[in-house]
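Below is one structure, written out as structure tokens; the observations come after it.
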Amino acid sequence: MTMVKSKVEAAIQTPGIFEQISGYDHEQVVFFNDKASGLKSIVAIHNTILGPALGGTRFWNYNNEAEAIHDVLRLSRGMTFKAAVAGLNLGGGKAIIIGNSRTDKSEAMMRRYGKFIDSLSGKYITAEDVGTTTRDMEWIKLETEHVTGIPENMGGSGDPSPFTAYGTFLGIKASVKEMCGNDDLSGKKVAVQGIGHVGETLIKHLVEAGAKVTVTDIHADRIQHMIKKFKVNGVEPDSIYDLDVDIYAPCALGATLNINNIERLKCNIVAGAANNQLADELVHGNLLIEKGILYAPDFVINAGGLINVSDELDGYNRERVMSQTERIYDRLLEIFSIAKASNSTTQHAAMQIANKRLKDMAELNARL
Ligand code: NAD
């Protein structure tokens, strides 16, 4: 009886789905379920003022459904700001598939998912994210037009992560310029967390620029591979926060900038590709300032991949993508300058730019 009561109490205390959706101001959240293939997916469409919502599909083994919902809501909101600051005519959306991408994925599941995406009639366009690849986009493409990041041999732009990594590399340089007066990375000590699609290419750029790189991943084979390939140092996942480095580059999952980890950081710059790095935008953004750490807002520094996949929608042009990605450097310097002048966090300064564009474009649309 006590157990039944506590379950009911817990249900009452958990915020309802509508409370969560309106908390972040989402337009639409769709749940897809397919028993035959085992597909359980959520698509969150945050804002479509600027255009259709584009954002990748994350395939992840969440501990529970509440965690999955929280993740997709935060990720999709971040996509709205990312597209707005990058100057793209796209809205913010994101999707998650619950499961282990290494063992649960199948052609049937991904094609069923493609059919579900198709039922949204283009309001949401998908692409790769953690746990999904260009191969998955190929399967999805068999069922819907509303997918980007498809392989080059199918007329697409391929894997977006090299562009994310390049933009992140330029963002690290801009952050170093802000802190040191020049953007020379030679001899700078950088800790890279997460050696996936983005992490590996970022490590390559950093090593080529003369940085002293230390890496980690939850998969030990990835660390060993990087040590062999790039002669970098490797550490256990939890040791990454304690390193005596100049720059911490989170390239795994979000929320690593929380009260416990920030206390441990010895760097003076946080600049990496992971989405939603700040566990709490205000609290942890301010905590970084108190520690004298410059933070490059994630949705600004990691926009290269979005710029790349979105270009596929207009007839892909690699040069245009490169020049748009290179703008990340100046955009960050502008954000650092606004934050300094207004005594606010860099995250807040970047969100102000995004919100202004959203407001201006909503007014423009209303007049058409
Ligand atoms: P990925 O799945 O290829 O790589 C992620 C890596 O992080 C994996 O090797 C995984 O083992 C590792 N990892 C997970 N948890 C970890 C932990 N606690 N400690 C250390 N390592 C851990 O993903 P990716 O495409 O490289 O993306 C990395 C991050 O960048 C994600 O947050 C993603 O949302 C973001 N991002 C990616 C792109 C892109 O173009 N791929 C674009 C924008 C943002």
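Numbers here are sequence positions counted from 1. All ligand and atom numbering here is 1-based and tracks the order in the structure. Worth saying up front: this structure is predicted, and the values here are computed from it rather than measured.
For atom 4 (O) of ligand 1, the nearest non-hydrogen atom of the protein is Gly196 CA, 3.1 Å. In this structure, the protein non-hydrogen atom closest to atom 35 (C) of ligand 1 is Ala273 O, 3.3 Å. In terms of protein heavy atoms, atom 43 (C) of ligand 1 is closest to Asn302 O, 3.6 Å. Here the heavy atom of the protein found nearest to atom 3 (O) of ligand 1 is His197 ND1, 2.6 Å. Of the protein's non-hydrogen atoms, Ile218 CD1, 3.7 Å is the one closest to atom 14 (C) of ligand 1. Summary of contacts: the protein heavy atom closest to atom 2 (O) of ligand 1 is Val130 CG1, 3.4 Å. Looking from atom 40 (O) of ligand 1 to the surrounding protein, the closest heavy atom is Thr164 OG1, 2.6 Å. The protein heavy-atom contact nearest to atom 9 (O) of ligand 1 is Asp217 OD2, 2.7 Å.
Residue-to-ligand polar distances place Val198 within reach of ligand 1: an N/O pair is separated by less than 3.5 Å. Considering backbone and side-chain N/O atoms, Asn275 comes within less than 3.5 Å of an N/O atom of ligand 1. Of the polar atoms of Arg58, at least one N or O is found under 3.5 Å from an N or O of ligand 1, judged by distance alone.
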- request: Please lay out, stage by stage, how Arg77 and Glu281 fare under the test salt bridge (Lys or Arg N to Asp or Glu O under 4.0 Å).
  value: CA-CA 13 Å; Arg77 174 175 171 267; Glu281 285 162 12; 2.7 Å; yes
**Request:** Using the side chain to side chain donor-acceptor pair (under 3.5 Å) rule, take Glu128 and Thr134 through it: C-alpha gap first, then chi angles, then the decisive distance, then the call.
**Result:** CA-CA 7 Å; Glu128 292 93 336; Thr134 49; 4.8 Å; no
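Classification of the Tyr241-Tyr248 ring pair by plane angle, with boundaries at 30° and 60°, yields perpendicular. Between Phe169 and Tyr166, the two ring planes are parallel [angle under 30°; tilted spans 30° to 60°]. Ring pair His70/Tyr24 is tilted by interplanar angle, where 30° to 60° counts as tilted.
With a 4.0 Å heavy-atom cut-off, ligand 1 is reached by the side chain of Asp129 but not by its N, CA, C or O. When heavy-atom distances to ligand 1 are checked against a 4.0 Å cut-off, Lys82 comes that close only through its side chain, counted from C-beta outward. Contacts of Cys251 with ligand 1, taken as heavy-atom pairs under 4.0 Å, involve the backbone alone.
Under a cutoff of 6.0 Å and an axis angle of 45°, Lys105 and Phe59 form a cation-pi pair. Both the sub-6.0 Å distance and the 45° axial angle are not jointly satisfied by Arg111 relative to the ring of Tyr113.
Remark: ligand 1 atoms within the under-4.0 Å shell around heavy atoms of His219 are 11 (O). Close contacts of ligand 1 with Ile195, meaning ligand atoms under 4.0 Å from a residue heavy atom, involve 9 (O). Listed by number with element, the atoms of ligand 1 under 4.0 Å from a non-hydrogen atom of Ala252 are 7 (O), 13 (N), 14 (C), 15 (N), 16 (C), 21 (N), 22 (C), 28 (C), 29 (C), 31 (C), 32 (O). Near Ser161, meaning under 4.0 Å from one of its heavy atoms, ligand 1 places the atoms 40 (O), 41 (N).
With salt bridges taken as basic N to acidic carboxylate O contacts below 4.0 Å, one links Glu200 and Arg222. Comment: Lys177 does not engage Asp183 in a salt bridge, judged by the lack of any side-chain N to carboxylate O separation of less than 4.0 angstrom. Of the charged side-chain nitrogens involved, at least one lies within less than 4.0 Å of a carboxylate oxygen, so that Glu138 and Arg135 count as a salt-bridged pair.
The shortest separation from a heavy atom of Glu128 to ligand 1 is not under 4.0 Å, leaving the residue out of contact.
Counting only heavy atoms from C-beta outward, the side chains of Ile269 and Ile172 never approach each other to under 4.5 Å. Annotation: side chain of Asp246 is not in contact with side chain of Met179 (no heavy-atom distance under 4.5 Å).
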